[in-house]
Student: 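Have a look at the structure that comes next, please.
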Amino acid sequence: MNATERQRRRVGTALALPAGTLLAVLLLLPSIGVLSFSLTDYQFGMPGFDWVGLANYAKLFTDPDIRRSLFNTLLYVVMVAPLSIFAALALAILIEGEGRLGSVFQTIYFLPITATLVAMATAWEVALHPTFGMVNAALSAFGFAKVRFLSDPDTALATLAVIGVWKILGYNTLLFLAGLATIDRDLYEAAAIDGADGGWGRFTLVTWPQLAPVTLFVTVITLIRCFSEFETVAVLTNGGPSGATDMILFTLYQQAFRYFDIGVASALAVAFLLFVALLSIVQVSLFERGGAA
Amino acid sequence: MVQAKDLEIEGLVCRYATTMALHGLDFRVAAGEFVSILGPSGCGKSTLLRAIAGLVPTTEGSIRVEGKSIDGLRPSERAVAFVFQSYALYPHMTCRANLAAPLVMTELSAFGRSAVFGRLSPRARRVQASIGERVAATAKQLEIDGLLDRRPAALSGGQRQRVALGRALIREPDLFLLDEPLANLDAALRNRTRSDLRALQRRIGATTLFVTHDQAEAMAISDRIIVMFDGRIRQIGTPDELYRAPADLDVARFLSQPHLNVVPAEIVRRALGERTRAGDIRIGGRPLSAIEGVVAFRPEHATMARLDEPALPGLRVRVDHAEHGGSEANLFVRLVADDTPCVVRIASRAIADWPSGREGVLHFELDATHVFPGEHADMGEPGLSGRAVA
């Protein structure tokens with residue numbers, strides 16, 4: 001190594017140092033901290049702790065409350081993800097086909113993203129209120145019985161799922177619209193000449209295959225967002241009634257800041273992080289395989 | 001060999017919201033003919049091709065194939081094949097599937113196309129087998145049988161172009177519509193492919209419309225050329241007719257790329273005089289004294305003579321610079337009279353005789369010179385300038 005090369009390396013290190021330090025302090029250290037806490041029985045405010053190995057992780061699978069929370073989360077994802085992906089695809093195709101009003105619809109569907117969710121959740125609460133909410137007013141006007149959407153254990157999770165779809169639909173639609181805009185017009189013309197000038201034929205020959213990378217991205221993003229649902233639970237139901245809407249991030253929050261059980265909360269956080277990382281890795285590898293083909 | 005059909009276009013108008021893309025076009029293409037549509041970008045040549053294919057709606061006029069109107073038919077019902085500049089191959093499908101696509105989409109139902117039902121139904125299986133045979137035959141004809149299992153991304157530009165041609169051919173169309181199919185190839189491949197293309201067209205005998213902005217390409221392979229400007233047809237003729245008798249200055253300029261010399265008639269008159277001992281000087285059949293506007297001649301019809309020994313009167317010019325082009329060279333000069341730039345084709349070994357700044361006399365062949373109304377005159381009346389052409 002000659003002098004100029006050493007000089008270059010010194011300058012490079014010096015330039016990378018500030019960003020590197022920030023990364024270490026803000027991301028790596030806390031992660032390592034959480035990972036370490038997950039192996040202890042540390043309780044917030046306690047003077048000391050003991051190493052308990054994987055006991056906290058075992059608890060994730062044995063504790064009935066946490067198991068219910070995991071089950072609720074899965075149920076929520078199964079309800080929200082497919083609906084919000086396919087409905088967004090359908091909406092995007094409709095909006096793209098609609099010339100002048102397209103941008104109006106686009107804005108309307110995008111509104112939930114721009115609005116503050118806590119405020120919007122309050123609006124939902126008012127709309128769904130058992131006695132003076134307008135949804136129930138409408139139901140009784142048509143002769144149906146009133147439904148206690150958020151306080152009936154049978155309907156609470158489904159109600160949150162509907163709000164979840166509403167929340168995520170516009171974003172997914174926007175992603176699909178961006179994907180549709182990148183499809184080469186020539187392909188549609190070629191399809192028209194080949195006998196697929198609209199409808200199902202054109203969708204299967206051009207639109208759907210061309211949207212594959214976008215669909216993959218939307219699917220992963222939607223899954224991650226559904227698994228990490230927190231705000232609506234915290235604002236609308238507080239995990240209730242009787243744990244019917246308890247979901248994994250809300251459980252984590254409760255364990256950490258209500259029961260101060262940092263060990264269990266950290267184990268949850270690590271498990272969640274691993275899961276999200278896994279999803280992202282699957283996405284990246286699928287994406288690269290698609291790009292290479 | 002397909003049964004060639006003729007094509008007749010009458011009063012074709014295409015209008016988008018506010019702009020006119022095509023202003024009432026009329027022309028006929030004989031069965032089996034290879035006709036190029038030539039014009040600068042934005043002249044409406046691609047729109048014309050898309051209108052014939054049914055990809056853009058027409059406002060007025062009719063399109064007839066073998067006397068039968070195809071207006072209002074869907075693109076897939078028109079028995080036309082279209083080759084796109086971008087080739088528009090389906091990127092997620094193998095070449096085999098790309099070639100088969102037009103047959104699959106028209107001959108199989110949505111059920112027949114699906115993997116499960118397509119295997120169950122005996123009729124779908126028969127159709128699939130026949131499609132497979134036709135794909136193999138077309139691939140063989142275009143020498144792409146070795147590429148059938150690859151995807152378009154794994155092919156070179158020339159190979160993609162062949163697959164796109166194959167997808168067009170496999171339908172055995174009445175009309176072959178090619179939208180700048182050679183534009184995305186590199187220069188060497190383009191020249192070879194264009195002769196291949198013409199040979200292929202002769203072999204299958206399909207009536208062909210070929211859109212291009214490259215006049216050399218159009219001249220090289222067409223039976224006839226349609227020249228378009230601003231959504232109108234300016235001239236229709238064989239390559240030779242267009243070269244010898246361009247209808248107006250735009251056409252002459254476009255066909256003489258890269259250079260056409262345009263000199264005001266007044267300057268020529270002052271330099272040459274109006275008559276010699278033999279009689280009136282005539283350009284393009286008209287006496288020089290009666291000519292208004294401009295005269296135009298190509299670099300290959302001009303020569304340079306030394307100032308001290310001009311055999312005949314000519315235009316006095318000053319040399320600007322020379323461009324070596326192999327055996328020949330282009331000499332860029334300016335008229336001493338009014339600085340009009342001109343180009344003269346000289347032998348490349350003569351470059352040394354014409355250093356920058358030297359003055360000389362430019363002669364041009366009066367018989368190969370065209371007369372047009374002034375540059376700013378209305379170019380929309382080919383009749384007027386047509387009469388002036390030699």
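Sequence lines set the chain letters: A, B, ... in the order given, protein chains first and strands last, and positions in each chain run from 1.
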Student: Provide the closest heavy-atom pair for Gly195(A) versus Ser76(B) in the form atom of the first, atom of the second, distance.
Tutor: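 Reported closest heavy-atom pair: CA-CB, 3.3 Å.
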
Student: Before giving the answer on side-chain contact (heavy atoms from CB on, under 4.5 Å), spell out for Gln85(B) and Asp186(A) the whole-Å C-alpha distance, their side-chain angles and the decisive distance to 0.1 Å.
Tutor: CA-CA 9 Å; Gln85(B) 182 180 349; Asp186(A) 284 355; 5.7 Å; no

Student: In terms of heavy-atom proximity below 4.5 Å to chain A, should Leu103(B) be classed as side chain, backbone, both, or neither?
Tutor: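 For Leu103(B), no heavy atom lies under 4.5 Å from chain A.
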
Student: Applying salt bridge (charged side-chain N to carboxylate O under 4.0 Å, His left out), name anything that partners Asp186(B), two or more places apart in sequence or on another chain.
Tutor: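 Listed in chain order: nothing, the list is empty.
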
Student: Please check if atom CZ in Arg185(A) has more than 12 non-hydrogen atoms from other residues, nucleotides or ligands closer than 6.0 Å.
Tutor: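 Yes.
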
Student: So for atom CZ, which belongs to Phe27(B), do other residues, nucleotides or ligands contribute more than 12 heavy atoms lying within a distance under 6.0 Å?
Tutor: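 Above 12, so yes.
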
Student: Rounded to the nearest 0.5 Å, what's the gap from OG on Ser86(B) to CD on Glu189(A)? Could you check?
Tutor: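 Rounded to the nearest 0.5 Å, the OG-CD separation comes out at 9.0 Å.
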
Student: Treating Arg171(B) as the side-chain partner and Ile193(A) as the backbone partner, does any N or O pair qualify as donor plus acceptor under 3.5 Å?
Tutor: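 It does hold such a pair.
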
Student: Can you tell which part of Ala191(A) gets under 4.5 Å to a heavy atom of chain B, answering side chain, backbone, both or neither?
Tutor: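 Contact with chain B is through both the backbone and side chain of Ala191(A).
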
Student: If you compare all heavy atoms of Arg167(B) against all heavy atoms of Ala190(A), which two are closest, and at what distance to 0.1 Å?
Tutor: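 Residues Arg167(B) and Ala190(A), closest heavy atoms: NH2-CB, 3.5 Å.
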
Student: Just wondering, are more than 12 heavy atoms of other shown residues or ligands nearer than 6.0 Å to CZ in Phe71(A)?
Tutor: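 Open: at most 12 neighbouring heavy atoms sit under 6.0 Å from CZ of Phe71(A).
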
Student: Nearest heavy-atom pair of Pro75(B) and Ala192(A): which atoms, and what distance?
Tutor: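 The answer is CB-O, 3.7 Å.
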
Student: Given heavy-atom pairs under 4.5 angstrom as the criterion, report whether the side chain, backbone, both or neither of Phe84(B) touches chain A.
Tutor: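 Side chain only.
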
Student: If you tally heavy-atom pairs under 4.5 Å against chain A, which of Val83(B), Thr106(B), Asp179(B), Leu55(B) wins?
Tutor: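 So the answer, after comparing Val83(B), Thr106(B), Asp179(B), Leu55(B), is Leu55(B).
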
